[in-house]
Amino acid sequence: MIKPFTPELIYIEPRALEYEQGRMLYDKFKDTDVEIRETTSHNQVRGLPGENDFQKYRVAKNTLVIGVRKTLKFDTSKPSAEYAIPLATGCMGHCHYCYLQTTLGSKPYIRTYVNLEEIFDQAHSYIKERGTELTRFEAACTSDIVGMDHLTHSLKQAINYMGEQENGRLRFVTKFHFVDHLLDAEHNGHTRFRFSINADYVIKYFEPGTSPLDKRLEAAKKVAEAGYPLGFIVAPIYVHEGWEQGYYHMFEKLYDQLKDVNYDEEDLTFELIQHRFTKPAKRVIEKNYPKTKLEMNEEERKYKWGRYGIGKYVYETDVQERLKETISAYAKEFFPASTISYFT
Ligand code: SF4
């Protein structure tokens, strides 16, 4: 059974203690066995234990860095939201395919930001800028925020905050089931709670350190009962022996969990994302997870030109079509009123 994340090592910026959230986190750990070190900047954590990159990477994934978010300009987060709201960076999960391995590079440690009021004020000015149009914020662009929120409750505060914003909406996705503290948040229907789900094979071989499917689905049921708008991201959709049955079985289990829940199926969304990789990502994956079974054979894929000149390898067109049709048909079979937001 996967346990909620507890860091093995903590770094804190002294400035973080000027904030209530920083003091709360410091107090939580100061009398425990977890070592707390100071760092001048959450962007430059030095001296992580480990004799080589492989060990350091694993230590970093268990290290929590408590800092002040200085850059308050939010990144955009198209197409599912207007902005990424920066509550945290990094993740304790070990998904082999995770893009954070390349985007975070040498800084895979987990950063949580304590200046929440400043972050919410910034969100508020973005909402105001767009007038009466809804402004959506994605909270899981650079982390799996649910995986650490039992410690920080910063996501919960963001949910409560967005619940009060007439034109603000929040969304995030998770592979963790530690949702109990979020069930009584005052979301006011303004937060879409999404779970990342997959066939058993993919979870078993490529998603170590995350919650098993059954746990995610039980959590989804609780979230639906708590009245949150609900969604699922099926990603990465990955071709493997018996994938049709694997994904069908996943939908069967999902249906079983939700069938007795009184929720709005018309508001249920599915986002479908096929497996892809870039050449730089492949190199990093092979370094961090040298024994991975993840298939990344360029010859069997289609090259798709991307931004910044880094293209990605997706499935061949005919395979893509089959994936899209098959998974969409399953979603519609079990949840006919739901929406398939996109396949990419
Ligand atoms: Fe990456 Fe999400 Fe897996 Fe964390 S849970 S390692 S963010 S894919």
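Order of appearance sets the numbers: ligands from 1, and atoms from 1 within every ligand.
When distances to atom 1 (Fe) of ligand 1 are checked against a cut-off of 2.8 Å, Cys98 contributes an N, O or S atom below that limit. Atom 4 (Fe) of ligand 1 has no N, O or S atom of Cys95 under 2.8 Å away, backbone or side chain.
When each atom of ligand 1 is checked for a heavy atom of Lys175 under 4.0 Å away, the hits are 2 (Fe), 5 (S), 8 (S). The distance from ligand 1 to the heavy atoms of Asp144 drops below 4.0 Å at these ligand atoms: 5 (S). Each of the atoms 6 (S) of ligand 1 lies under 4.0 Å from some heavy atom of Gly93. Taking every non-hydrogen atom of Cys91 and a distance limit under 4.0 Å, the qualifying atoms of ligand 1 come out as 4 (Fe), 5 (S), 6 (S), 7 (S).
Between Arg130 and Glu82, at least one side-chain N (NZ, or NE/NH1/NH2) sits under 4.0 Å from a carboxylate O, which counts as a salt bridge. For the pair Lys56 and Glu51, the salt-bridge criterion is not met [side-chain N within less than 4.0 Å of a carboxylate O].
Screening Asp200, Thr326, Asn198 for a side chain to side chain donor-acceptor pair (under 3.5 Å) involving Tyr247 leaves a single residue, Asn198.
Phe172 and Phe193 have perpendicular rings, their planes meeting at more than 60° on a 0 to 90° scale where under 30° would count as parallel. Between Tyr238 and His275, the two ring planes are perpendicular [angle over 60°; tilted spans 30° to 60°]. Ring pair His153/His181 is parallel by interplanar angle, where below 30° counts as parallel and above 60° as perpendicular.
Contacts between Leu100 and ligand 1 below 4.0 angstrom, taking non-hydrogen atoms only, involve the side chain exclusively.
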